[in-house]
Each structure stands twice: as C-alpha cells, then as structure tokens.
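For reference, the structure is listed below as structure tokens.
Each ligand, and each atom within it, is numbered from 1 in the order the structure gives.
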Amino acid sequence: MPSLSRRSLLMASAAFAARPALAAVTPSGGPLDVVIIGAGAAGIAAARRLAAAGRRYLVIEATDHVGGRCVTDMTSFGVPFDRGARWIYLPDSNPLIKIAPRRGDIYSASLSRKVRIGRRYAREGELEDFLSAQVRATRAVDDAARKADIACAQAMPADLGDWRATVEFVLGPYNYGKDLAQLSSFDFAKAAERRSAAFCKPGFGALLAALAQGLAIQLSTPATSIDTRRALTVETAKGSIIATVAIVTVPTNVIASGGLKFVPDLARRIDPFARLPLGSYDRIALELVGNPLGLESDDLVFEKSNNTHTAAILANVGATPLCFVDVAGTFGRDLAEQGQAAMIDFAAEWLSGLYGADVKKSIGRKYATRWNAEPYALGAWSATVPGSQSVRRQLLDRIADDVWYAGEAAHETLWGTVGGAWESGERAADAVLRRLGPVKAPAPAAAESEAKPKHKAKPAQAERRVPRYEAAPRTYEGTPRIMREER
Ligand SMILES: Cc1cc2nc3c(=O)[nH]c(=O)nc-3n(C[C@H](O)[C@H](O)[C@H](O)COP(=O)(O)OP(=O)(O)OC[C@H]3O[C@@H](n4cnc5c(N)ncnc54)[C@H](O)[C@@H]3O)c2cc1C
C-alpha cells in the first residue's frame, strides 16, 4: 500500500511554488517571542500574522510535513489526493481563497447531489422528499437547541419515513463525523450553514502548504510538555524551547489523551478538550479506470440506506479517475479499526451493490486513510459532547499563563473546517500581539501586507494582565442558524 511521504507532500506544495521555501530555522540570538505548536491551518495562519508583525516566532511540527488534517498526497495516485479537507466552504468569505497564490486553481463545487436507490438514481419527487426530510430534521434540531443542549438524535422528528437513515447519515456522520446521538444540538445549530463550496485543483492541502512557504517551521519536532512555572518552556524530542508566549494548535484528542502535557496541570482547563472529542471520518480512495460509475467530475452521491452501513461518493475527483468513498461516525470508526484492507473491501462491495459487480474490475490503485490512528490527530474534527454547550467559548480564552489555544475546535461557527482553524489562528495571534506590545527592533522585511494585525498593539506592561482575547473582526462569514443574540 503506498504511504504518505515527505516527498509527495513537497511535490504537492511545489505545484504552487511561487518562491522557494525557506529552510525551517530556529531563530538565534535571544529568546523567541512566540512558539507555535503545530503547523496545520491554525498554526500557519498564526505564524503568518506574527511574521507580518515582525515578531520572533517558531512553529514546531510533530510530523515531517505541514498541513495537519489538510494535506495533499501527490504520489499515491499520481494526481492530487486530499487525504483530509477537500471542500473549501463559503469561498466568498473564506480567508484562504482571498490569499491563494493562484486564484485560477480554485473552481466552484456544485452543491447538487444524487441519491442512489439500489441500482437506480432517485427520481425528482424522491429527491424532493429527501430534501424536505432533511429540512424538517435540521429545523427540529435548531428548535430544540433554543431550549436545551441535547443530543441531536433526541430532537429527530418522527415523520422522516424511509429517509430516516439517510438523513441521519448526512446530518451526523457525513457533515460532522459523529452519529446524531453523540452530537450536541447547540453545536449543530451554531454551525455555519455550508451553503457554498469550492475546490482547489492542485488540492486543498497543496494550497495550505503554499501558504506556509517562507515561514519558520521546524518539522519532526513533537512537543511533549509546556511548563509555565517560570520562563515558558516547551519540551520537545530535540530539546527545550523558551519563548515569551505559546500558541497551541494541537488537536483536542491529542491533548485530552496526554499527548501534550501542561505543567502545572491544567485540570480546570483540560476539561474543554475532553468535551470536544474528534469524530471519525475516513476516505477510501479508489482509482476507477474508465469511469464505470458513469458520473461527472466531482459528483456527490449518497445512498438511500436503511442502516448506518453507508458512505458518500465523490466521483471523478477534479476530473481524474479518483473516486472517494467516505465513511464516518461509529460505523466508519469500527470499519477503520479493522484496517485498510477491510475498508477497501467494504468500498468495493458497497459500490458493486450500487453499480454492479463490474466496478470491481475497474479498480486500480487504492488507499484508505485512518485518521483515528494518526498519533498527532487521533480523529477527524471536534464535535461538542451534548450538554457542554459553552465549551468552545472556553477555548477562546487564554488556557494558561501566556498560553493560547487555536484550531478548528476554537471556533464557534466554523468548527471542523480549515477556514475556522485559520481564523482561530489569526485571532490567537492578534491576542498574542496585544499581549507582547509593540516590536522594539525594526520589523523584518518579510512581513506580508495582507496579514497585518487589525488591532493596534498596546504597551507590554498594560497588556500583561489582559485575561481574555476578544474576537477579531470576522473575515469569514458563515451564517449560524442560531445567532448569538437569539439565545
Ligand atoms: C478526512 C477529513 C476530511 C475533512 N474535510 C474537510 C473539508 O472538506 N473542508 C474543511 O474545511 N475541513 C475538513 N476537514 C477538517 C479540517 O481538516 C480541520 O478542521 C483542519 O484542518 C484543522 O486544522 P487545525 O490547524 O486546527 O489542526 P491540524 O490540522 O490537526 O493541525 C495541528 C498540527 O499539530 C501537529 N501536532 C499534533 N501534536 C503535536 C505535538 N505534540 N507537537 C507538535 N506538533 C503537533 C499535527 O501534526 C498537525 O500538523 C476534514 C478533516 C478530515 C480528517
């Protein structure tokens, strides 16, 4: 089975290379202003903000590549393969689109979807029934969330008929990586409606990698602990790093499982991480030679199912022979635990059931992700445990003296997305800049104008005791189904 290599990822980012990547360096001569832990979307966004402000920062990344859960693999199939994030939601306001090096690589994604009922597609009237059942279910959860934070499953209307399993798959595992029984109605209702989307031809991960070029990033350097008792010290496998402040962007599951320790222990603060566990979402990618499904480029297909053993198809991805069979939620987690071979078998059997046994003969190269087993991710993206409604807001606060958290989990409406992680990284960087005050030495020329902090920095002494950071002006507007004022 092919594996993700540093070479394949470099090739993906090279697709964008507008200027040569700088070697990651540890700035020398004095302590760092900021150490950023993790080079995913949040870490990259924070680093760009700090670089633009002329701050001395270093990003340390556990793996041998940047991107985290948004990464494009170029070698497994010889065409861009987004192992994680693929959909660029709300492109009109998505911060990554605004600064994409080559706008011509971005193209709109159709939001229409097909539904397979056995060996045929749903007819117009059936599709209308399906969409209407989805709307009723969504509305029921939104209504429930106005009264209490319960599991979405408890709010499901009784009249979903034979569309129930399909609606439950789409609203739970497919959209949020969790079964509705494990999904908070409040989190669901606050999530921005994903009413438009785009794709990036060389891959979403390749776009993110291009945006990381020129930043000071040290790869293959897992952090093991952050000690804030005296000088803020981050312990890594390669030695200690001292900085004035830290931005932690490590996925919640990694922190909750003790993969990154805080000294002193953040007993009170650790709780939010445990209450934001990552759901399960994996991608079984198959090269289907000769378009045996007869689908168009980037067609999205669901199955009308009567149980949870189902998946979503994204066909002929980016006009290539690549077909994604995405599995998620409890079923996806159980399947992934059985290993890649079992996942690929499932996808082949399932597709054969929907399109005929000949599909199997068309399968060329294949690969299945297993995000729950990736030690520096341990899952797909966060979803609040029912009853923990305010937990994301706690992560907007400082999590310890001079330590901020950023990442998809720290966004109240765009959680679980790259755009949300990016905004969260920028917001944490703005808070850090306010805490640090003005730069004393002249700023390096590398600053990038579009990433200038929006807040005027105040003197360091005055900022020292600022307990929270406020939300930066929103640049990426999703529309939460329940606005804060309504609650
Ligand atoms: C299969 C899948 C499909 C998805 N689809 C979409 C989609 O279509 N659209 C969308 O917008 N979002 C999607 N998402 C979600 C999206 O990928 C994430 O929300 C986003 O990438 C998270 O960014 P982040 O910076 O918060 O975290 P991450 O990307 O996880 O970055 C954290 C970084 O920290 C590093 N790290 C972890 N521990 C340590 C340590 N101890 N020391 C140093 N470094 C460490 C990790 O290696 C990682 O690079 C998908 C996710 C998955 C898994």
Result block: side-chain N/O donor-acceptor pairs under 3.5 angstrom for residues 318-327, not counting sequence neighbours:
| unit_1 | atom_1 | unit_2 | atom_2 | d |
| --- | --- | --- | --- | --- |
| T320 | OG1 | V317 | O | 2.7 |
| T320 | OG1 | L322 | N | 3.1 |
| D326 | OD1 | R283 | NE | 3.0 |
| D326 | OD2 | Y281 | OH | 2.7 |
| D326 | OD2 | R283 | NH2 | 3.0 |

When the side chains of residues 342-350 are checked against the rest of the protein, which donor-acceptor pairs come out under 3.5 Å, sequence neighbours left out?
| unit_1 | atom_1 | unit_2 | atom_2 | d |
| --- | --- | --- | --- | --- |
| E349 | OE2 | K360 | NZ | 2.4 |
| W350 | NE1 | E303 | OE1 | 2.9 |

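For atom 47 (O) of ligand 1, the candidate residues are E61, K261, E374, E408; the nearest heavy-atom contact is made by E61. If you check each of A109, A380, G68 against atom 53 (C) of ligand 1, the one with the closest non-hydrogen atom is A380. Between atom 52 (C) of ligand 1 and the options Y405, F324, W422, W381, the minimum heavy-atom separation is to W381. The heavy atom nearest to atom 2 (C) of ligand 1, out of those in G84, P222, A406, G407, is found in G84.
A heavy-atom separation below 4.0 Å is found between R83 and ligand 1. The shortest heavy-atom distance from G67 to ligand 1 is under 4.0 Å. Look at A377 and you'll find every heavy atom at least 4.0 Å from all atoms of ligand 1. Taking a 4.0 Å cut-off on heavy atoms, V250 registers as neighbouring ligand 1.
In this structure, the protein non-hydrogen atom closest to atom 11 (O) of ligand 1 is V418 N, 2.9 Å. Scanning all protein heavy atoms for the shortest distance to atom 43 (C) of ligand 1 gives A62 N, 3.3 Å.
With hydrogens and angles ignored, the 3.5 Å screen pairs no side-chain donor or acceptor of E287 with any backbone N or O of G364.
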Check your understanding: side-chain contact (heavy atoms from CB on, under 4.5 Å) between F199 and D298: does it pass, once the steps are laid out?
Key -> CA-CA 9 Å; F199 294 126; D298 299 308; 3.7 Å; yes
